[in-house]
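Notes follow once the structure below has been shown.
These values consider heavy atoms only, across backbone and side chains, with no hydrogens, waters or symmetry-generated copies.
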Amino acid sequence: MSAHLEIAVPDVLERGHREAPPCAFVVFGATGDLTHRKLLPAIYNLALDGTLPEACAMVGVARTELTDERYRADLREAVEKFSRRPLDDKVWSDFSKRVYYVAGAFDDAETFRRLDQRLTELDRAHALRGNRLFYLAIPPGVFETVLTHLHDGGMIQPPHGERFTRVIIEKPFGRDLASAKELNALVGKLLDESQAFRIDHYLGKETVQNIMVFRFANSLFEPLWNRKYIDYVEITAAETVGVGSRGRFYDANGVLRDIVQNHLLEVLSLVAMEPPNGAAADEIRDEKLKVLRALRIPWDDTIERDVRVGQYRGYRGEPGVAKDSVTPTYAALRVYIDNWRWQGVPFYLRAGKMLKRRVTEVSLFTQQIPLSLFGNHEVCERIDPNVITLRIQPDEGIKVRFASKVPGHDVAVASVTMDMKYAEAFGGAPPEAYERLLLDAMRGDATLFSRRDAVEASWAWIDPIIEYFEKQPPKDFPNYEPGSWGPESCQELMRRDRRSWQLL
């Protein structure tokens with residue numbers, strides 16, 4: 001049974017409105033898929049909302065030879081195709097006048113000389129005050145080349161006064177602990193940590209951000225958020241699509257690197273963190289780091305017991321995938337956090353491609369009631385535990401399941417679900433993740449970006465799991481059908497604990 005809540009929102013409490021300062025937004029990889037599908041639509045929607053600073057210019061940098069006018073036309077097509085809202089001709093006309101393009105190879109110093117010259121001209125034309133936000137929408141192998149040229153060309157300035165230089169670095173941030181440390185060392189040599197914004201788009205999703213608000217702004221729920229009341233936690237990130245055109249990249253990484261190491265561990269740390277002392281970026285990131293450092297260390301014997309991997313049938317026929325690939329496209333894990341709040345509470349994580357439904361959500365299952373109060377012990381056994389579910393995507397919202405008496409003369413108990421949907425409660429779908437993240441980077445708010453120590457902590461934890469399956473690859477791949485919920489072994493992971501995955 002379900003019950004929809006009618007939610008009134010009479011007042012919106014907002015931490016002081018923060019206007020983004022003037023800046024040049026420079027995108028390396030300006031003709032790539034990420035820019036067309038995500039970055040440009042996000043910047044356009046910020047302009048549509050009026051939150052993009054008026055003194056702002058966008059500069060695309062890529063190898064393809066294009067004029068400013070041709071690049072603007074190219075980006076208009078991208079906005080028309082990928083924006084969550086229709087193109088407004090007037091807004092686009094005003095915005096496109098501030099879009100520019102610099103052609104050149106990333107390993108050519110002349111490219112960066114022309115870029116520096118263009119930025120100097122735009123500072124005067126648009127009063128940008130010398131502020132720079134660089135976005136590396138490029139493969140990790142090119143990071144060092146671009147950052148070194150920016151540094152040597154004088155375009156990366158140390159933090160000083162109100163003038164800023166910031167760099168947004170796209171994932172994957174390394175492919176293991178050693179490469180992550182190497183990349184962090186490079187970034188640390190050329191940038192101050194306050195200038196490095198390691199982006200994980202999951203953290204920009206409205207419902208991920210709401211995890212902290214739901215917990216810490218509601219005294220009804222926070223007292224329950226611990227081992228005394230929570231039996232177990234389930235975090236799911238399921239996709240219905242395969243690897244598509246990313247076959248070569250995905251086959252070199254797999255679900256453990258592509259989803260679990262970053263997305264799921266970020267969500268896990270937000271769900272499990274302690275209340276921070278304040279709202280400053282590092283106060284929040286400090287508490288998330290404590291969770292990552294408290295994860296129980298995986299050993300070979302515990303990995304064998306607590307981790308299941310799978311590969312969908314047909315994966316080896318995807319473009320760019322090896323015909324004998326043993327790369328996992330599915331993973332289910334049982335994880336423990338060894339601290340005072342969560343000791344003994346299992347966190348079940350699952351992620352995969354070609355599954356039955358596209359859904360990302362977090363569910364907290366409360367402890368069963370200890371005693372039947374209804375005259376029949378079987379009634380107690382049939383009562384489902386209370387569940388708090390935070391739906392991250394799609395159909396963003398929050399569900400709470402609780403027990404209620406069924407109307408009638410006899411005592412009959414049934415579960416009722418109250419369902420809050422963002423679109424219904426707040427009059428529309430929440431903004432795309434990249435909109436919030438780009439705006440925060442312009443404002444200098446690093447709360448939703450990964451810090452160096454957290455990146456290394458997450459790799460340190462998952463590296464033994466990845467190495468375990470690389471040393472002894474599964475022999476039963478492929479082992480699940482497209483459109484299913486993964487391999488049968490993942491069901492056994494829960495059944496052994498007398499539990500089952502939630503039906504989604």
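One finds the CD1 atom of I199 at 9.5 Å from the CG atom of L448 (value rounded to the nearest 0.5 Å). Distance check: T51 OG1 to L46 CG gives 4.0 Å after rounding to the nearest 0.5 Å. Separating the SG atom in C490 from the CG atom in L333 is a distance of 11.0 Å, to the nearest 0.5 Å. Distance check, rounded to the nearest 0.5 Å: CG of D453 to OG of S458 gives 10.0 Å. From S96, atom OG reaches atom CD of E69 across 10.0 Å, with rounding to the nearest 0.5 Å. For the atom pair CG of N131 and CG of L119, the computed distance is 11.5 Å after rounding to the nearest 0.5 Å.
Considering only heavy atoms from C-beta on, Y468 stays 4.5 Å or farther from V307 through its side chain.
Ring geometry for W92 against F95 counts as tilted: the plane angle lies between 30° and 60°, on a 0 to 90° scale. Using bins of under 30°, 30° to 60° and over 60° for the plane-to-plane angle, the ring pair F197/F449 lands in the perpendicular bin.
Residue R37 comes nearest to F82 through the heavy atom pair NH1-CE2, 3.4 Å, listed as atom of the first residue, atom of the second, then distance. For the pair S325 and D251, the tightest heavy-atom approach, listed with the atom from each and the gap, is OG-OD1, 2.6 Å. Closest heavy-atom contact between L128 and C23: CD2-O, 3.6 Å. For I284 against G278, the heavy-atom pair with the smallest separation is CG1-O, 4.0 Å. Considering every non-hydrogen atom in both A351 and I259, the closest pair reads CB-CG2, 3.7 Å. Residues A42 and L438 approach most closely at CB-CD1, 3.9 Å, considering heavy atoms.
The environment of NZ in K356 is sparse: at most 12 heavy-atom neighbours from other residues, nucleotides or ligands sit within 6.0 Å. More than 12 heavy atoms of other shown residues, nucleotides or ligands fall within 6.0 angstrom of atom CD in E80.
Salt bridge D258/R246: present, at least one basic N to carboxylate O contact under 4.0 Å. Taking the charged nitrogens against the carboxylate oxygens, K290 and D286 have no contact shorter than 4.0 Å, which rules out a salt bridge. A salt bridge links E435 to R84: at least one charged side-chain nitrogen sits closer than 4.0 Å to a carboxylate oxygen. Electrostatic pairing of R114 and D108 does not count as a salt bridge here, judged by no charged N lying under 4.0 Å from a carboxylate O. Using a 4.0 Å cut-off between a side-chain N of Lys or Arg and a carboxylate O of Asp or Glu, R358 and E239 do not qualify as a salt bridge. Checked for salt-bridge contact, R443 and E19 miss the test: no charged N lies under 4.0 Å from a carboxylate O.
Within the 3.5 Å criterion, the main-chain N or O of S179 finds a donor-acceptor partner in the side chain of D176. Proximity of a side-chain donor or acceptor of N479 to a complementary backbone N or O of Q311 within less than 3.5 Å is detected. Looking at S83, its side chain never comes within 3.5 Å of a backbone N or O of P86 through a donor-acceptor pair. The backbone N or O of L48 sits nowhere less than 3.5 Å from a side-chain atom of N45 that would complete a donor-acceptor pair. The backbone N or O of K205 sits nowhere less than 3.5 Å from a side-chain atom of R436 that would complete a donor-acceptor pair.
Side-chain N/O atoms of T207 and E396 include no donor and acceptor closer than 3.5 Å. For the 3.5 Å distance criterion, the side chains of E318 and Y250 fail to qualify, holding no donor opposite an acceptor. Neither side chain, T165 nor Q195, offers a donor N or O lying under 3.5 Å from an acceptor on the other.
With sequence neighbours left out, the side chain to side chain donor-acceptor pair (under 3.5 Å) criterion links D282 to R285, R451. Qualifying side chain to side chain donor-acceptor pair (under 3.5 Å) partners for R163, counting only residues two or more places apart in sequence or in other chains: none. Residues passing the side chain to side chain donor-acceptor pair (under 3.5 Å) test with H36, sequence neighbours excluded: D74.
For residues 179-204, every residue pair satisfying the salt bridge (Lys or Arg N to Asp or Glu O under 4.0 Å) rule, not counting sequence neighbours, is listed here: E193-R198. Residue pairs satisfying the salt bridge (Lys or Arg N to Asp or Glu O under 4.0 Å) criterion with at least one member in residues 129-138, sequence neighbours excluded, are listed as follows: D123-R132.
Annotation: cation-pi pair R72/Y100 present, NZ/CZ under 6.0 Å from the ring centroid and within 45° of its normal. F173 does not carry K171 over the face of its six-membered ring by the limits of under 6.0 Å from the centre and within 45° of the normal.
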Check: Could you go step by step and tell me if Y480 and Y330 meet the ring pair (Phe, Tyr, Trp, His ring centres under 6.0 Å) rule?
Finding: CA-CA 9 Å; Y480 71 94; Y330 175 95; 5.8 Å; yes
Next item on the list: Could you go through the salt bridge (Lys or Arg N to Asp or Glu O under 4.0 Å) check for E456 and R452 one step at a time?
Entry: CA-CA 6 Å; E456 294 182 7; R452 174 177 182 162; 3.6 Å; yes
Check: Run the side-chain contact (heavy atoms from CB on, under 4.5 Å) check on R313 and M354 step by step: do they pass?
Finding: CA-CA 9 Å; R313 203 168 304 281; M354 293 295 266; over 6 Å; no
Next item on the list: Start with the C-alpha gap between E234 and R350, add the side-chain angles, then the distance that decides, and say whether salt bridge (Lys or Arg N to Asp or Glu O under 4.0 Å) holds.
Entry: CA-CA 8 Å; E234 185 180 316; R350 59 174 169 171; 3.2 Å; yes
Next item on the list: Evaluate the side-chain contact (heavy atoms from CB on, under 4.5 Å) criterion for residues F469 and I303: first the C-alpha distance (whole Å), next the side-chain angles of each, then the deciding distance (0.1 Å), finally the verdict.
Entry: CA-CA 9 Å; F469 288 107; I303 293 170; 4.0 Å; yes
Next item on the list: Go through the steps for V359 and R391 under the test side-chain contact (heavy atoms from CB on, under 4.5 Å), then give the verdict.
Entry: CA-CA 8 Å; V359 59; R391 284 194 311 273; 5.6 Å; no
Next item on the list: Output, in order, the C-alpha distance, side-chain angles, deciding distance and verdict of side-chain contact (heavy atoms from CB on, under 4.5 Å) for D49 and Y44.
Entry: CA-CA 9 Å; D49 289 335; Y44 164 74; over 6 Å; no
Determine all donor-acceptor pairs shorter than 3.5 Å in which one atom belongs to a side chain in residues 137-157; sequence neighbours excluded.
residue: T148; atom: OG1; partner: E144; partner atom: O; Å: 2.7
residue: Q157; atom: NE2; partner: G154; partner atom: O; Å: 2.7

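For the side-chain contact (heavy atoms from CB on, under 4.5 Å) with Y135, the lone residue among L34, V61, V26 that qualifies is L34.
Here the two rings, on F28 and F106, have centers that are under 6.0 Å apart.
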